Colleague: 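Before I ask anything, here is the structure I am working with.
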Amino acid sequence: MSTDVLNFSAGPAMLPHSVIERLRDTLDEWDGKSASVIEISHRDKSFIEVVERAEASLKRILGMDDEWQVLFLGGGATGQFAGVPLNLLQPGRSAGYIDTGQWGGKAIQEARKFGDIVVTASAKDDGYAKLPDLALVDIDPNWAYLHFCANETVDGTQYGTIAQTAHSVPLVADCSSELLTRVMPLDRFAAFYGGAQKNVGPAGVTIVCVRKELLGSPQAICPAVWDWTQQGANDSALNTPPVYAILASGFVFEWVEEHGGVPAAAARAAEKSTLLYETIDRIPLYSNDRATRSKTNIVFRLTTEELEKQFLKEAEANGMIGLKGHRAVGGCRASVYLAMPMEGVQTLVAFMEDFAQRNG
Ligand SMILES: *Cc1c(COP(=O)(O)O)cnc(C)c1O
């Protein structure tokens, strides 16, 4: 992306500039071969090394030991809405789900095709402005797992911390829009997953992290490409994996390592979102009513829809794109993922202040 344009869209998102440069270099020549990395076999030793390197880097930054299986799959997070019950919900058992919002709801709809799903709590009664407290939701200790979306991209809500549940139950989370911006409390999770195109890399690869002890008993109907056990045994290459997206994601993991790791990325996410919320709360033209606010997807309204249209138009003319809220909730949304620099947020805030001065 041109360095003068700031992409605040919910995804696909911007990548670190140095990663784009590295990717460009890989297109000429790869590992001393005349073919580029996207023109060689996924069975080629040099590509297998790409996968191994990406996996090792991700494990280092999230602190995962050998009890964890990392998978790089196709199909998006949406694919894993089916993948989770197909791999973890054995016939005769139930799983708990929290209706956290747009994405949590889609996960429930899909999972119902594959097993007995109990919706144990919903953010609906709070207009999806506040996530149900994990410490207070009813838990059946016999559930195969409890699923929730850790950061609701559309609704702009997030679990700030992952509170202890009343009874222990394996947690499974859709982390698509917060991957790498939270220090994961790994001991609390059985599995987590996310599409790369929000925080991690280009669209096409979905990251699944699962405890190895949970592998080995997929449902009989589980398609091979969705089968975490088979994919794990084949280093995510049961079929041809999304090679270029894996390479790019690996470069982003290394970029995170070079920039202070996940704790630093989490601190930057806090800093960027705090500045935006402080601006929204300070200037009467803007508002956000979320009680559990997201650090990566900052939704806000202006006082009238007319002003929102004008705001979006002028923002775009000033090189700030993708600020329109999701059609389901309207308004505006600034997605400030991993690669959005603090200066980008400062530019947006200066524009918000100027717009308010002229229209307040
Ligand atoms: C974007 C998103 C999805 C859907 O991801 P796809 O890769 O398009 O399937 C699912 N969950 C969350 C939280 C998202 O932000």
Side-chain angles (χ1 to χ4, degrees), residues 7-15 71-87 97-114 122-123 128 131-132 134 145-160 162 171-182 184 189 191-209 223 225-226 228 236 241-242 244-246 248-249 252 269 273 290 292-299 322-329 333-340:
N7 178 12
F8 288 97
S9 98
M14 54 197 293
L15 294 177
L71 301 169
F72 298 112
L73 306 177
T78 305
Q80 294 310 320
F81 293 166
V84 168
L86 282 167
N87 284 281
Y97 275 68
I98 302 180
D99 173 21
T100 38
Q102 287 279 327
W103 290 112
K106 289 199 167 102
I108 290 167
Q109 253 181 8
E110 188 73 353
R112 282 198 165 125
K113 298 176 187 168
F114 305 107
S122 174
Y128 293 106
L131 292 173
L134 283 175
Y145 59 86
L146 172 68
H147 180 281
F148 58 89
C149 177
N151 182 78
E152 281 285 358
T153 321
V154 173
D155 302 283
T157 55
Q158 185 174 27
Y159 280 108
I162 307 297
L171 299 184
V172 178
D174 173 2
C175 297
S176 297
S177 47
E178 65 151 54
L179 267 177
L180 309 184
T181 61
R182 178 201 296 275
M184 284 298 282
F189 282 93
F192 55 96
Y193 61 94
Q197 72 275 22
K198 310 290 165 68
N199 273 295
V200 180
V205 64
T206 311
I207 294 158
V208 177
C209 302
V225 291
W226 259 216
W228 296 350
S236 303
Y244 205 58
I246 294 174
S249 300
V252 173
S273 56
R290 303 307 196 248
T292 46
R293 288 173 159 181
S294 167
K295 292 188 182 67
T296 45
N297 305 102
I298 290 87
V299 295
L323 283 162
K324 195 173 185 334
H326 190 275
R327 60 191 180 282
V329 299
R333 169 175 54 175
S335 295
V336 290
Y337 295 129
L338 186 72
M340 173 61 69

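First listed ligand is number 1; within each ligand, the first listed atom is number 1. Keep in mind that what you see is a predicted model, and the values were worked out from it rather than measured.
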Colleague: Can you tell me which portion of Thr78 lies within the under-4.0 Å heavy-atom range of ligand 1? Options are side chain, backbone, both, or neither.
Modeller: both
Colleague: For ligand 1, which atoms have a heavy atom of Thr153 less than 4.0 angstrom away?
Modeller: 12 (C), 13 (C), 14 (C), 15 (O)
Colleague: Quick one: look at Phe81 and ligand 1, take heavy-atom pairs under 4.0 Å, and tell me if it's side chain, backbone, both or neither.
Modeller: side chain
Colleague: Where on Thr206 is there a heavy atom closer than 4.0 Å to ligand 1, on the side chain, on the backbone, on both, or on neither?
Modeller: neither
Colleague: Can you confirm, on distance only, whether ligand 1 has an N/O atom lying under 3.5 Å from any N/O atom belonging to Asn151?
Modeller: no
Colleague: Over all heavy atoms of both residues, which pair between Gly83 and Asn87 is shortest? Give the atoms and the distance, please.
Modeller: O-ND2, 2.8 Å
Colleague: What do we get for Cys149 next to ligand 1 when only non-hydrogen atoms under 4.0 Å count, side chain, backbone, both or neither?
Modeller: side chain
Colleague: Can you tell if the side chain of Pro241 reaches within under 4.5 Å of the side chain of Ile246, non-hydrogen atoms only?
Modeller: yes
Colleague: Judged by modelled atom types alone, do Glu152 and Thr100 share a side-chain donor-acceptor pair under 3.5 Å?
Modeller: yes
Colleague: Hey, does the side chain of Ser177 reach the backbone of Asn151 with a donor-acceptor pair shorter than 3.5 angstrom?
Modeller: yes
Colleague: Grab the two heavy atoms, one from Gly194 and one from Leu179, that are nearest each other, plus how far apart they are.
Modeller: CA-CD1, 4.0 Å
Colleague: Kindly give the heavy-atom pair with the smallest separation between Thr181 and Ala269, and that separation in Å.
Modeller: CB-CB, 4.1 Å
Colleague: Closer than 4.0 Å to some heavy atom of Ala77 - which atoms of ligand 1 meet that?
Modeller: 3 (C), 4 (C), 5 (O), 6 (P), 7 (O), 9 (O), 10 (C)
Colleague: Taking 4.0 Å as the limit for heavy-atom contacts, which would you say applies to Lys106 with ligand 1: side chain only, backbone only, both, or neither?
Modeller: neither
Colleague: For atom 1 (C) of ligand 1, which protein heavy atom lies nearest, and how many Å away is it?
Modeller: Lys198 NZ, 1.5 Å
Colleague: Numbering the atoms of ligand 1 from 1, which are under 4.0 Å from a heavy atom of Gly76?
Modeller: 7 (O), 9 (O)
Colleague: May I ask you to identify the nearest protein heavy atom to atom 11 (N) of ligand 1, giving residue, atom name and distance to one decimal place in Å?
Modeller: Asp174 OD2, 2.6 Å
Colleague: So, 4.0 Å and heavy atoms of Gln197: is ligand 1 close enough to count as a contact?
Modeller: yes
Colleague: Would you say the side chain of Val84 lies within less than 4.5 Å of the side chain of Tyr193, judging by non-hydrogen atoms?
Modeller: yes
Colleague: Are Tyr337 and Phe8 close enough that their ring centres sit under 6.0 Å apart?
Modeller: no
